[in-house]
Structure formats: structure tokens, C-alpha cells
Amino acid sequence: MQLPIPSLSEGCSQDLRLESTLQELPLYDFQVDISCLGIELAQVFEKYPLLPGAILAEQDQFVGSISRSRLLEYLLHPHGLELFLNKPLRVLYSYARTEMLVLPESTPIVEAARFALRREPALLGEPIIVQSDANRYYLLNIHELNIAYWQIRGIETQVKFEQIQAQMIQNEKMASLGRLVDGVAHEILDPVGFIWGNIAYVSNYSQALLKVLSAYEKYLDKTPPEIEKLKQEIELDFLKEDLPQAIASIRTGAERLKKLVISLQNFCHLDEVYPKPADIHSCIDGVLLLLNSRLTGEIEIVKNYGHLPPVTCYIGQLSQVFVNILTNAIDALINQSINRKFAREFREAGMTFLPPTKTHKPRIEISTQVCSFSATQSKQPYTRAVLIRIADNGPGISPEKQRQILNSFSTEKRVEKETSLAVSYWIVTAKHGGKFEMHSTPGAGTEFEIFLPLV
């Protein structure tokens, strides 16, 4: 029987990526019928010294495989040549049958290498069988897999190094930006302080001048025509009513600007080496003030603040946690409102195939309280802690997305892809020894719980 000529796919080992699969490696296509003689296969191995083995089939149905090393091992046994050389491969395979590693061609190279390394020591040199989508079987030399695996590990190391470098640059940039914003906020506070400090005097002076003017009008029998004309031109009656309101508006604007700048300073403040006592409610209110431009009139903020003592913490980092959670909640509520608006417009346009949706006012509820806290790192089973709950009535998070978020909390995943919620988890758990929990039901909103131990 004439055996087929082995062929080797070229692969693309020069363009390997972290997500490269087995189909990108050189694969041997060499399938022989199990009824062929052992000497015929040995001759093929002698002619093609790099061929790692052969796929065995019976009536074009996959049976197994036999490697070059396994064939030579049995032929070198005492009486091996007499037993196997001129006998069908079926006989040899019945003796040499070993555990095979069969993997789909879509298997990532890194994962395939891990499977190969878990085999018994005697099987580490055996080739891997790669199954294609067309139900064809190919052989992969284990050395090709190892070379590709270490190439990818090198790429992975380089990518992580570049990510760390980029993160260091980003951290330095954000630190510089924080110092810059803190300086700008300080410069803004000076003129605001001038306005705020003098607004009381301006109010008193204006009231005194109006009183003097009223006294003149009371005791002056006849007003000269020139003054009457001037009073009409400046609308004196309206001026008397509007001047206190204008001063009150200036006072309100200066107060809001002062609060905004102080909130910006607190948010950009670089925390000290040691944590300090801080007012959590002021921190949350400052973050809400910074996000006020994104809080449209449709989103309702409900605050259920309890009586909290000062919490020893890194207040700047906690501000970042609150920004991350509230930003995600605002994005979810805005997207939900937009989708409902489009659905309503489509139904009004006659597209009745869209089912009606229940509408409710978008809401973010923030509640705080002192509670008991199970701290694994504490010697005591329970300790007092501050609990901050931030919940929205948005669309919620799908179970698959929840699994991805929870997986991102691990150190390895956070290094690969640093998300805002993963950073928040690290700040709460690693920096403050607390707990960061997420609860979400699709269609019923999302709730985050932050436990901060009280020292």
C-alpha cells in the first residue's frame, strides 16, 4: 500500500500574539490506515526525519496516533522487528497505545502548553493531536509548541512592562495634574474670598445709602426737575427692590463657587503617608457637586445620611471610589433614559412591535450608617464600621458582566486590565482594610456596599 506524502502547514509563528491559537502553528498532515505495515511507516519516518508521528485511521475514521519515538521504541525491543515490522500497524498500536492529548485548533497556545505540561513525564515528548473544524486531525510537534509558548511569554512580559511604564507615566501625569489643579483652585479661592469677605459690607453700605435716600425724599418738600429726571432714568423704585436681590445672588454664587473649589481641592488632594480623620458626608457631597453638570434634572439624588463619627481614611482615594461608582450609575441611568425615549418615539411613530416599558424616575440613593463588620484581618470576629450604600434603579448588570467585574477584582486581572471598579475595590480592601461588595439584578438596578472599619 502506498502511503500518503506528509505535508506541513506554514503557520505564522513570526506574528504570534497573546491570543494566538494552535491553527497558527506548523501542523503535520499525515494520516495512514491502521492496516498498513510497520515497515512502511518506518520508511516514511526515515525519509522525513522531522515528522513527529502519524495519525491512524480505519476506513477514514480517526482511531489514534503513533509517534516516531514510540514506533522506534517497540521496534528496538527484543524480537520487536519480528513482531511488528512486517505486521499491520493495528498490532503495534494495540501494544503502544498511549494517552493522547487531542485539542481543537481554536485552543490558545498558552492554554495548550499548560495542558501538555500536565501530562505524565513519559508522555511529555509526545506530539499533540489538533482537531480542525472540518473534523480533520493534524500533528503538532511538542518542540514547536514550546517555542511558540515561550515567544508568547516574552511578548506577555513585554506588554506588562509597557503597561507598568504607561501606568507610571499616567500616575505621574495625574499627580502633576492634581498639584496643578490644587494650585489653580487655591488661586481661585483668593478672589472668591475677596468677594465673600466684602459682600457683607456692600450689602450694609447699600442699605445705608437707601436709608439716606429715603430720608432725603421724606424731608425734601420739592424735588428739583433734574433729580426727578435722573430717578426716572435709573428707575429708582426698581433699583431699590432689585439691589438686595442682586447682592443675595452674588452671595449665593460666591458660596457655590467656594464649595466647588474646596471640593475640587479635596478631590485632587494628594493623601499623606498616614490616614487622617475625615467627614464622609462632606466627601460625598463634594463629589456630587463635582458631578453636578452630569446630573440632569431627570436624575433624583436621595440622601439617607446617618450619624457618622470621623473616619480615619485616605480621603482623596475615597473620593475617587465615590466618583467611579456614581459615574457608572449616572451612565447607566442616562443610557436607560435615552433607550426609553427612543422606544417611546418609535411606538408613537406606529412601530407597535415594541412592547411598552415601565417608566420610573431615575434615582440614585446614598445611605450611610454605623454597623458591625466582619473583618478577616482583625483579631476580633466583628468590629464597628461605617457602611456606605450607593444604589440606583437603572437597568442592572447581566450575570456575565457581573462575573467579569468580580474577576477583575483579582490582582492578576487588575494588572491586565485596570478598570475603575477594580481600582475602587483595591482602595477599599487593600488601603483601608474594608469590604467592597456589589449586588445587581437585571432590570432592578445595582447596589454597591462599602464597609470602612472604624479605628
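Bear in mind that the values here come from a model prediction, so they are computed numbers and not experimental data. Every heavy atom of this structure was used, including side-chain atoms; hydrogens, water molecules and symmetry mates were not.
Taking the side chain as every heavy atom from C-beta outward, E126 and L101 never approach each other to under 4.5 Å. Contact of the E73 side chain with the R70 side chain is registered, since non-hydrogen atoms from C-beta on lie closer than 4.5 Å. Residues L326 and I366 are in side-chain contact: their nearest non-hydrogen atoms beyond the backbone lie under 4.5 Å apart.
Rounding to the nearest 0.5 angstrom, the gap separating the SG atom in C36 from the CG atom in L89 is 6.0 Å. With rounding to the nearest 0.5 angstrom, the OG atom of S408 is 7.0 Å from the CG atom of L421. A distance of 11.5 Å separates CD1 of I142 from OH of Y149, quoted to the nearest 0.5 Å. Interatomic distance, I330 CD1 to L291 CG, rounded to the nearest 0.5 Å: 5.0 Å. Note that CZ of F322 is 5.0 Å distant from CD1 of I280, once rounded to the nearest 0.5 Å. Note: D29 CG to R136 CZ = 4.5 Å, rounded to the nearest 0.5 Å.
Residue E19 places its CD atom among more than 12 non-hydrogen atoms of other residues, nucleotides or ligands, all under 6.0 Å distant. No more than 12 heavy atoms of other residues, nucleotides or ligands shown are found within 6.0 angstrom of NZ on K401.
None of I128, I129, I55, L27 except one satisfies the side-chain contact (heavy atoms from CB on, under 4.5 Å) rule with Y138; the exception is L27.
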Atom pairs and distances, donor-acceptor, side-chain atoms in residues 439-447, under 3.5 Å, two or more places apart:
residue	atom	partner	partner atom	Å
S440	OG	I397	N	2.8
S440	OG	G445	O	3.3
S440	OG	T446	OG1	3.0

Can you list, pair by pair, the side-chain donor-acceptor contacts under 3.5 Å of residues 305-313, counting residues two or more places apart and other chains?
residue	atom	partner	partner atom	Å
Y305	OH	D285	OD1	3.0

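Ring geometry, Y137 versus F62: the interplanar angle falls under 30°, so the pair is classed parallel (tilted spans 30 to 60°).
A salt bridge links E156 to R153: at least one charged side-chain nitrogen sits closer than 4.0 Å to a carboxylate oxygen. For E400 and R403, the salt-bridge test passes: some basic side-chain N is under 4.0 Å from an acidic carboxylate O.
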